[in-house]
Amino acid sequence: MSPRRNRPRRDETANLDDDRVRQGVASVQQWTDGAWQVRGIGAGASVKTYRCPGCDQEIRPGVAHLVAWPADGLGDLTDRRHWHSGCWRARDRRGPAVQRGRSAPRYG
């Protein structure tokens, strides 16, 4: 005779929402420039190339990163920005990204 189970069996996969598993769960983060909704994007869910506003480098498909947008609810989909996770954490310590042409002076 086998021992009796004290807890009822639950179907763990029944409570998982496919979109939440694929896109992650959004959280609200407070920064000096306001509140931001932040959602992590896993490497498997990243299928497009984006440009990180923190370092002005590409986020290639298959690279885990995060998406941030204002939490005030006044924006739309154009306010969403894809960030490298490290760039997002360091955004208070960095100045705004200055985009220069190849012929522009480096310091000036």
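Everything quoted here is computed from the prediction, not taken from an experiment.
- The side chain to side chain contact (heavy atoms under 4.5 Å, CB included) search around R80 returns V67, W69, L77, H82, not counting sequence neighbours.
- Interatomic distance, CZ of R60 versus OG1 of T49, reported as 5.0 Å (0.5 Å rounding).
- Residues R81 and P53 come closest through the heavy atom pair CB-CG, 4.1 Å.
- Taking all atoms of both residues into account, the shortest heavy-atom contact from H65 to S85 is CA-OG, 4.2 Å.
- The CG atom of L66 sits 8.0 Å away from atom CD1 of I59, with the distance rounded to the nearest 0.5 Å.
- The side-chain heavy atoms of P61 and K48, taken from C-beta on, include no pair separated by under 4.5 Å.
- With a 4.5 Å cut-off on side-chain heavy atoms, C52 and Q57 do not count as touching.
- The side-chain tip of R91 points at the ring of W36 from less than 6.0 angstrom away and within 45° of straight on.
- Summarising the geometry of E58 relative to H84, their closest heavy-atom pair is O-NE2, 3.7 Å, with the distance given to 0.1 Å.
- The two atoms that bring C87 and G54 nearest to each other are CB-CA, 4.3 Å, heavy atoms only.
- Grouping Ile, Leu, Val, Met, Phe, Trp and Tyr by side-chain contacts under 4.5 Å, direct or through others, leaves V47 on its own.
- If you chain together hydrophobic residues whose side chains sit under 4.5 Å apart, Y50 and V63 fall into the same group.
- Every residue meeting the side chain to side chain contact (heavy atoms under 4.5 Å, CB included) condition with Q29, not counting sequence neighbours, appears here in chain and number order: S27, W31, V38, W88.
- The shortest heavy-atom contact between A35 and Q30 is CB-NE2, 3.3 Å.
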